Protein chains: 2
Amino acid sequence: MRSLILDAARSIFLEKGYEQTSIRNIAERIEYSPGTIYLYFKEKDDIFHALHEEGFSRMLEQMQPLQFVSDPFERLKAMGRVYMEFAKNNKDFYDLMFIMQAPMKMEKNDEWVMGDRTLGYLKQVISECMATGRFQGRDVNFLSFTIWASLHGMCALYCRERCQAYHDEHIEHTALLNGGFQNFVDMLEKL
Amino acid sequence: MRSLILDAARSIFLEKGYEQTSIRNIAERIEYSPGTIYLYFKEKDDIFHALHEEGFSRMLEQMQPLQFVSDPFERLKAMGRVYMEFAKNNKDFYDLMFIMQAPMKMEKNDEWVMGDRTLGYLKQVISECMATGRFQGRDVNFLSFTIWASLHGMCALYCRERCQAYHDEHIEHTALLNGGFQNFVDMLEKL
DNA sequence: TTGTTTTACTGAACACCGTTCATTAAGTTT
DNA sequence: AAACTTAATGAACGGTGTTCAGTAAAACAA
């Protein structure tokens with residue numbers, strides 16, 4: 001039942017967006033009454049928290065192949081590329097995972113599990129880079145934040161329509177993301 | 001009247017947040033009926049669009065003193081610091097300006113004016129930096145995006161509670177922002 | 001088989017939301 | 001005094017998340 005609800009929620013969310021994903025809409029889709037959903041989820045955010053976790057496992061899946069890139073810095077750059085591609089191709093999931101307030105209101109003692117794992121993965125790669133002499137004297141936590149935030153910034157501006165600020169210069173949003181990423185990689189290389 | 005509504009909206013928004021700022025609440029605060037508000041604003045987002053613009057003019061105000069910093073790169077760094085301080089001290093305004101979808105749905109032919117001006121300011125400073133030999137071979141638009149996005153990323157993760165990912169390492173959010181900013185400045189210096 | 005208890009589900013009700021619109025009241029012209 | 005214009009109303013519409021008394025079916029006990 002729980003996954004029946006989740007399947008309906010996901011499909012409405014992906015095809016009609018967050019706003020349209022109401023308890024009543026979900027209930028209608030699975031042909032149950034609204035009240036029923038509350039027997040399986042404490043509140044609406046609980047559903048989005050579940051989808052939130054699912055988003056992370058999807059992203060981690062796409063990063064799976066990168067474990068075979070032996071050079072840690074190459075792996076780090078590839079991770080960045082996958083991260084940004086994920087945001088571009090899964091706008092709604094990305095929004096849910098990194099921008100929306102909704103799934104964050106949970107008692108997060110139990111789960112922000114997947115997010116932690118992802119961040120851990122990033123920090124590990126950075127550590128490996130440092131072991132090869134890169135990023136000397138930097139703190140892993142701060143550096144991971146800098147890197148994460150820089151990429152997130154581009155993705156977030158993209159997701160939330162702020163790339164339109166470059167509309168007059170006739171720059172494609174996707175070119176903006178690519179150019180921005182390239183710049184950042186160049187900076188990282190020189191750090 | 002228009003500014004009476006706006007004043008009420010701003011004060012509710014700043015003291016109780018976006019969610020609590022409903023047409024009905026605004027109407028109650030100014031002791032008019034809900035319908036009246038629609039005589040002065042086409043829709044709710046229209047109100048938030050006005051506050052959105054106000055946010056930019058507040059931020060630009062705080063950047064005003066920086067025009068006296070003669071070295072453009074120093075000015076650029078100072079702008080960054082002011083930008084992040086603004087986000088830290090005006091979470092809700094920052095959210096409205098750079099994260100929320102609400103004020104973006106407007107027919108933006110008329111106004112994203114202040115945002116444009118701010119971005120123009122950034123691009124100009126970068127140009128001046130380039131005139132002194134910095135950032136050789138970079139494109140102003142891409143570079144401005146890279147810089148803006150990097151700072152925005154940190155601010156956005158902060159505003160939307162994602163800094164909690166570093167909770168276990170007992171890192172203060174404010175330390176994270178400072179450390180992240182420092183890292184980024186170091187990178188910019190070497191680019 | 002009958003009675004009892006547990007389980008799953010309902011859907012009306014509550015308190016909100018943004019938005020519209022016929023109606024009213026006040027002020028201004030003619 | 002009559003006609004017109006303006007400003008404001010507040011009930012109504014269709015939506016939202018959430019709760020809860022009530023129901024019906026299934027499982028268990030006698």
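Every heavy atom of this structure was used, including side-chain atoms; hydrogens, water molecules and symmetry mates were not. Nothing here was measured: the structure is a model prediction, and the numbers come from that model. In the text below, chain A, chain B and the rest are named by the order of the sequence lines, each starting its count at 1.
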(Q) For B:Y38, give me all partners under side chain to side chain donor-acceptor pair (under 3.5 Å), at least two apart in sequence or on another chain. (A) none
Q.
Per the ring pair (Phe, Tyr, Trp, His ring centres under 6.0 Å) rule, what does the pair list look like for residues 158-191 of chain B, sequence neighbours excluded?
A. A:F145-B:Y166
Q | Within one Ile-Leu-Val-Met-Phe-Trp-Tyr cluster: B:I23 and B:L14, side-chain cutoff 4.5 Å | A | no
(Q) Just so I know, are the side chains of B:R58 and B:Q62 near enough to count as touching, which here means a heavy-atom distance under 4.5 Å? (A) no
Q. Is it the case that A:Q182 and A:D186 place a side-chain donor and acceptor less than 3.5 Å from each other?
A. yes
Q | Carboxylate-amine/guanidinium contact B:E189 A:K190, below 4.0 Å | A | no
(Q) So if I define the base as every atom that isn't primed, P, OP1 or OP2, how would nucleotides 5-18 of chain C read as a B/S/- string at a heavy-atom cutoff under 4.0 Å? (A) ----BBB-B---BB
Q: For A:T36, enumerate each residue passing the side chain to side chain donor-acceptor pair (under 3.5 Å) test, keeping only those at least two apart in sequence or located in another chain.
A: none
Q) Does the ring center of B:F48 lie less than 6.0 Å from the ring center of B:H52? A) no
Q) Once the angle between the rings of B:F98 and B:Y83 is folded into 0 to 90°, is it parallel (under 30°), tilted (30 to 60°) or perpendicular (over 60°)? A) tilted
Q | Along DNA chain D, first and last positions that approach a heavy atom of chain B under 4.0 Å | A | D:dA8 to D:dA12
Q) Charged N to carboxylate O below 4.0 Å: is that the case for B:E53 and B:R10? A) no
Q) Dot-bracket, DNA chain C: Watson-Crick or G-U, under 3.5 angstrom, [ ] crossing, | other strand? A) ..||||||||||||||||||||||||||||
